[in-house]
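What you are looking at is a predicted structure, and each value in this text was computed from that prediction instead of being measured.
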Amino acid sequence: MIIIISLGAACLLGIGFVAQQHAAYREPLEEILHPRLLLDLMRMPLWLAGIGLMVCGQILGAIALRDADVARVEPLLAMNLLFALTAAHVVYQEPFGRMLQVGAVLVCGGVALFLFAGRPQGGRLPDPVSTRWLAALPVVVVAVALVFFGLRRSLKVKAMSLAAAAGVLYGLQDVLTRGSLLTLDNGPNVLATWQLYVLPCVAVVGLLLNQSAFDAAPLQISLPATTVAEPICGIVLGVAIFAERLQVTPGAIAGEVAGLVAMVTGTVILGRSPFLAKPVAQPQ
């Protein structure tokens with residue numbers, strides 16, 4: 001059941017990303033990383049529909065995260081890339097050539113292989129003031145570094161860098177979601193925990209980064225980095241914060257490494273797509 005719920009969440013997320021990117025790509029480049037971008041997008045019905053689909057996908061993902069480990073759910077949520085590229089091909093008639101198909105299969109196959117080899121299990125909710133939560137700080141540093149790295153790069157590199165930063169924060173968001181849900185299961189003290197208040201802040205910043213990436217480049221360039229960064233970050237934080245365990249036999253480690261390599265390779269292939277980032281000068 002967890003697999004079905006997670007794949008349903010991935011489907012809704014993927015279709016939602018297509019609608020969001022189609023709307024955000026029409027916005028001027030000057031609004032990248034500016035809160036005005038979100039304010040302008042909020043007036044677009046298509047974007048709001050995409051956000052609605054994404055929220056529904058996140059709710060399903062939260063249900064899965066409530067009953068399963070982060071490291072088990074995250075790789076399945078990464079399948080949203082395949083749903084997104086397929087939806088873009090069907091709805092907007094965007095080309096989905098052989099190399100793009102290979103890249104998408106490598107990304108999705110990589111997460112499936114990682115899940116099968118790692119067989120993540122176990123884990124427990126740490127105390128809200130446990131030092132385990134400090135593992136989230138390097139994640140924030142990585143996200144900030146990715147943003148600064150992409151600022152003075154080409155639009156294609158900027159889109160991938162911002163998308164990766166968004167994925168990192170989405171992974172942190174998933175972990176905070178699971179922590180809040182587990183706290184709620186243990187009693188009514190969830191309102192007294194800092195995680196519940198940090199969660200919406202992380203979500204909004206991640207959304208701004210994601211829409212900025214969508215503004216800069218087509219879906220084939222602006223989404224894969226998010227798809228890869230989110231599960232990797234979520235899995236690492238799941239192990240560090242919730243003490244989740246992955247298989248560490250030689251065969252399992254080989255499969256986990258191969259899965260990660262496939263994910264990264266697929267992302268690189270998709271990033272080398274013939275689609276170009278939009279020109280700086282936008283038509284009026």
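Both Leu146 and Val202 are assigned to one and the same hydrophobic cluster, defined by single-linkage of ILVMFWY side chains at heavy-atom distances under 4.5 Å. The hydrophobic cluster containing Leu209 does not contain Val141, counting ILVMFWY residues as joined when their side-chain heavy atoms lie under 4.5 angstrom apart, directly or transitively. Under the 4.5 Å side-chain heavy-atom criterion for ILVMFWY residues, no single connected hydrophobic cluster contains both Val248 and Leu260. Tracing side-chain contacts under 4.5 Å through hydrophobic residues (I, L, V, M, F, W, Y), one reaches Met79 starting from Ile232; they form part of the same cluster. Hydrophobic cluster membership is shared by Val55 and Leu48, with clusters built from Ile, Leu, Val, Met, Phe, Trp and Tyr side chains linked at under 4.5 angstrom.
In this structure, Leu237 and Trp133 have side chains that are not in contact, with every pair of non-hydrogen atoms separated by 4.5 Å or more. A heavy-atom distance below 4.5 Å is found between the side chains of Val147 and Leu162. You'll find the side chain of Leu38 reaches within 4.5 Å of the side chain of Trp47, heavy atoms only. The shortest side-chain heavy-atom distance between Glu27 and His34 does not fall under the 4.5 Å cut-off.
Residues Ala252 and Ala117 come closest through the heavy atom pair CB-O, 3.4 Å. Taking all atoms of both residues into account, the shortest heavy-atom contact from Ala164 to Ala229 is O-CB, 3.5 Å. Nearest heavy atoms, Ala87 versus Ile15: CB-CG1, 4.3 Å. Closest non-hydrogen pair, Arg132 versus Ile241, comes out as CD-O, 3.2 Å. Taking every heavy atom of both residues into account, Met160 and Ala225 meet most closely at O-CB, 3.5 Å.
Within the hydrophobic cluster formed by Ile, Leu, Val, Met, Phe, Trp and Tyr side chains joined at under 4.5 Å, directly or through other members, Leu134 is accompanied by Leu137. Apart from Val157 itself, the hydrophobic cluster it occupies contains Phe149, where clustering links Ile, Leu, Val, Met, Phe, Trp and Tyr at side-chain heavy-atom distances under 4.5 Å.
When each of Val105, Leu106, Val107 is tested with Ile269 by the rule side-chain contact (heavy atoms from CB on, under 4.5 Å), just one qualifies, namely Leu106. Exactly one of Leu33, Leu41, Asp40 qualifies for a side-chain contact (heavy atoms from CB on, under 4.5 Å) with Leu37. That residue is Leu41. The only member of Ile4, Leu13, Ile5 that meets side-chain contact (heavy atoms from CB on, under 4.5 Å) when paired with Leu60 is Ile5.
A donor-acceptor pair under 3.5 Å is formed between the side chain of Gln20 and the backbone N or O of Gly50. Not a single donor-acceptor pair under 3.5 Å links the side chain of Glu230 to the backbone N or O of Ala166. In this structure a side-chain-to-backbone donor-acceptor pair under 3.5 Å is present from Thr226 to Ala163.
The number of heavy atoms from other shown groups lying within 6.0 Å of CD1 (Ile3) does not exceed 12.
A distance of 8.5 Å separates CG in Leu172 from CG in Leu199, rounded to the nearest 0.5 Å. Atoms OH and CD, on Tyr25 and Gln211 in that order, are 15.0 Å from each other to the nearest 0.5 Å.
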If you apply the rule side chain to side chain contact (heavy atoms under 4.5 Å, CB included), what do you find for Asn80 with Leu223, and how did you get there?
CA-CA 9 Å; Asn80 70 74; Leu223 182 58; 4.1 Å; yes
Go through Phe214 and Leu219 one step at a time and tell me if the side chain to side chain contact (heavy atoms under 4.5 Å, CB included) criterion holds.
CA-CA 7 Å; Phe214 287 162; Leu219 196 71; 4.0 Å; yes
